[in-house]
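As a basis for the values below, the full set of heavy atoms in this structure was taken, side chains included, without hydrogen atoms, waters or symmetry mates. Computed from a predicted structure; not experimentally measured.
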Amino acid sequence: MQGLNTLRRTLIKSALILTTGLASGLSALSIPLSHADDYPEKEELKFGFIKLTDMAPLAIAYEKGFFEDEGLYVTLEAQANWKVLLDRVIDGQLDGAHMLAGQPLGATIGFGTKADIITAFSMDLNGNAITVSNDVWQQMKPFIPKDAEGKPVHPIKADYLKPVIEKYKAQGKPFNMGMVFPVSTHNYELRYWLAAGGINPGYYAPSKGDTSGQLNADALLSVTPPPQMPATMEAGTIYGYCVGEPWNQQAVFKGIGVPVITDYEIWKNNPEKVFGVNKTWAEKYPNTHKRVVKALIRAAAWLDENNNANREEAVKILAKPQYVGADYKVIANSMTGTFEYEKGDKRSVPDFNVFFRYNATYPYYSDAIWYLTQMRRWGQIAEAKSDDWYKDIAKKVYRPDIYAEAAKALIAEGKADAKDFPDFSNESGFRAPQTEFIDNITYDGQQPNAYLQKFAIGLKGEQKL
């Protein structure tokens, strides 16, 4: 088998060299391997991921041969948790990984592990939800407006959870909720939803050695790995959680909880995961990095093309034990354009998982800055920073320049269409101000400090703990 793999790689490599030579009008035989301008410096790669449906671009790039088309021979390996995954990218055991959008930013500013991690590829939009236990749901229901058919009116706000939490506090009981990591999208989305309903999710005070994130909290948030969320809630350790799929739908299928809101309803088309690499790795292997991004762009486009026509095939792939390993029906419940809230209340949510449309794969500076504002809001960034500081960190970590190189190469090869990408010649890296948040507060990435001033709950200006 090893001999066959070596022969196969040699043939593909020869084809790539031939293509390079013909494209430049030269004989392939006259181009030594070392002079093929953009041939990958490193061919054998190992990428990490967590068992969530939004790792899909990695699985599809592997299964559909997009990595091999780029002369890359990739091993995909599930990781135990987000910290292990990040540590292994930092120490070189992994060449790159499916990451929380906040992880490269948190590492770069030194919250937790200090390291220079960059991203040139955003893996998806949306894809998370907040789930509560059956008991908490029953306590919330009397406060939730109903439509003419008696169904809950969505979006369900945290306003309806507030009386439940107040009852717990009156009884001297902590109200515990789970999220997946201190710099995770899930942490910030859960905090955003709670705070929009007048519930304080607590503060971090790293300068005082307090990294619990529970100072002054009405609801106590703590870390639980994604696949363990349903069981942890079923055991009564937590009363609700924010996580990616399929672990919200798993609660529905097991009959132990009710997803009350998707992150699409908290912030429409919010950026979720990224593909992260060590900055030194990217500088050492620039051609390899570009080719990885090319393969991932093709995978993301495949996932969304023809109005999600490939999603059922994608679900079958993700259901394999080496990827997400959850039941096909559980994954399909959200990946194929629907989402089930209370058992039997399945609604159309075609954009619950977005992988390519709406420029989902482009690493916008403004996306990075939003995460940084939330780190400041909740005390992970302990002191005031200038608007320029936010922009400088975003530009250090998010690399649309590398993304543009990869996209332009795909366009030149006829594997992608320019109309499906931003206008690179005029793109600033900042989205237009975004208005579709659950609290109706507008976000403008060009003005992070002005944005922070708009929140009733959260640090702003010169405030510090």
Side-chain angles (χ1 to χ4, degrees), residues 46-59 76-119 121-124 126-131 177-191 204 206 211-213 221-233 237-238 241-248 250 263 270-279 281 318 322-326 367-368 371-372 374-375 378 380 397-398:
K46 182 184 288 186
F47 297 146
F49 67 93
I50 298 293
K51 290 194 168 192
L52 295 161
T53 55
D54 55 24
M55 64 75 63
L58 284 168
L76 300 177
E77 185 179 280
Q79 305 297 301
N81 57 56
W82 292 113
K83 185 181 186 306
V84 168
L85 177 146
L86 178 62
D87 288 346
R88 296 188 77 202
V89 170
I90 291 169
D91 67 20
Q93 293 183 63
L94 295 172
D95 293 286
H98 163 232
M99 286 187 182
L100 300 157
Q103 279 189 293
L105 295 160
T108 298
I109 66 173
F111 185 81
T113 307
K114 178 76 174 80
D116 288 322
I117 305 294
I118 67 167
T119 179
F121 181 83
S122 177
M123 291 190 71
D124 64 320
N126 313 316
N128 298 333
I130 295 171
T131 292
M177 300 190 79
M179 49 80 183
V180 308
F181 201 66
V183 294
S184 67
T185 321
H186 319 76
N187 186 21
Y188 304 127
E189 289 170 349
L190 181 52
R191 287 170 175 273
Y204 295 84
T211 56
S212 70
L221 278 53
S222 59
V223 170
T224 302
Q228 296 173 26
M229 288 287 192
T232 306
M233 187 174 71
T237 307
I238 54 176
Y241 56 74
C242 183
V243 74
E245 280 307 304
W247 308 116
N248 298 286
Q250 186 80 301
D263 59 344
N270 64 91
E272 230 300 291
K273 302 295 192 309
V274 297
F275 182 77
V277 301
N278 199 314
K279 183 183 177 187
W281 183 94
L318 292 173
Q322 66 266 38
Y323 298 129
V324 180
D367 291 350
Y371 285 104
L372 291 168
Q374 301 309 295
M375 292 177 190
W378 304 118
Q380 292 173 332
V397 177
Y398 277 44

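- Expressed to the nearest 0.5 Å, how far CG of Asp116 lies from CD1 of Ile90 amounts to 9.5 Å.
- For Pro104 against Met99, the heavy-atom pair with the smallest separation is CG-SD, 4.0 Å.
- Side-chain atoms of Phe181 and Asn81, non-hydrogen and from C-beta on, never get closer than 4.5 Å to each other.
- Taking all atoms of both residues into account, the shortest heavy-atom contact from Arg191 to Asn187 is NE-OD1, 2.8 Å.
- Proximity of a side-chain donor or acceptor of Gln103 to a complementary backbone N or O of Trp82 within less than 3.5 Å is detected.
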- Test side chain to side chain contact (heavy atoms under 4.5 Å, CB included) applied to Leu86 and Ile117, step by step: CA-CA 9 Å; Leu86 178 62; Ile117 305 294; 4.2 Å; yes
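- To the nearest 0.5 Å, atoms NE2 (His186) and CG (Leu221) are separated by 12.5 Å.
- No side-chain heavy atom of Ser122 sits under 4.5 Å from any side-chain heavy atom of Tyr398.
- Counting heavy atoms from C-beta outward, Leu318 and Glu245 have side chains that stay 4.5 Å or more apart.
- Put simply, the side chain of Asn126 gets close to the backbone of Asn270: a donor and an acceptor are under 3.5 Å apart.
- Residue pairs that meet the salt bridge (Lys or Arg N to Asp or Glu O under 4.0 Å) test with at least one member in residues 104-113, sequence neighbours left out, do not exist here.
- Between the side chain of Thr119 and the backbone N or O of Phe275, at least one donor-acceptor pair lies under 3.5 Å.
- Contact check for Thr211 versus Pro182: no side-chain heavy atoms found under the 4.5 Å cut-off.
- Residue Lys273 holds its NZ atom at 6.0 Å from CG of Asp124, rounded to the nearest 0.5 Å.
- For the residue pair Ala97 and Val89, the shortest heavy atom distance occurs at CB-CG2, 3.7 Å.
- Residue Pro271 comes nearest to Thr185 through the heavy atom pair O-CG2, 4.0 Å, listed as atom of the first residue, atom of the second, then distance.
- Looking at Gln79 and Ile50, their side chains come closer than 4.5 Å, going by heavy atoms from C-beta outward.
- In this structure, the side chains of Tyr188 and Met375 come closer than 4.5 Å at one or more pairs of heavy atoms.
- For the pair Asn248 and Val243, the minimum side-chain heavy-atom distance is below 4.5 Å.
- In this structure, the separation between CD on Glu77 and CG on Leu85 is 10.0 Å, given to the nearest 0.5 Å.
- Using a distance-only test at 3.5 Å, with no hydrogens or angles considered, no donor-acceptor pair links the side chain of Lys114 to the main chain of Ile109.
- Between the side chain of Asp263 and the main chain of Glu189, no donor-acceptor pair closer than 3.5 Å is present.
- Between the Tyr241 side chain and the Trp247 main chain, a donor and an acceptor come within less than 3.5 Å of each other.
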- Query: Run the side chain to side chain contact (heavy atoms under 4.5 Å, CB included) check on Met123 and Leu58 step by step: do they pass?
  - Reply: CA-CA 9 Å; Met123 291 190 71; Leu58 284 168; 4.1 Å; yes
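- A tilted orientation is assigned to the rings of Phe49 and Tyr323, their planes being inclined by 30° to 60°.
- Contact record, Leu100 with Val274: O-CG2, 4.0 Å, taken as the closest heavy-atom pair.
- Across all their heavy atoms, Asn128 and Gly244 have their closest contact at OD1-CA, 3.2 Å.
- Proximity of a side-chain donor or acceptor of Asp95 to a complementary backbone N or O of Val277 within less than 3.5 Å is not detected.
- Going from atom OG of Ser222 over to atom CE of Met179 covers 6.5 Å, rounded to the nearest 0.5 Å.
- Counting heavy atoms from C-beta outward, His98 and Asp54 have side chains that approach closer than 4.5 Å.
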- Could you please spell out the steps behind the side chain to side chain contact (heavy atoms under 4.5 Å, CB included) verdict for Leu105 and Val183? CA-CA 9 Å; Leu105 295 160; Val183 294; over 6 Å; no
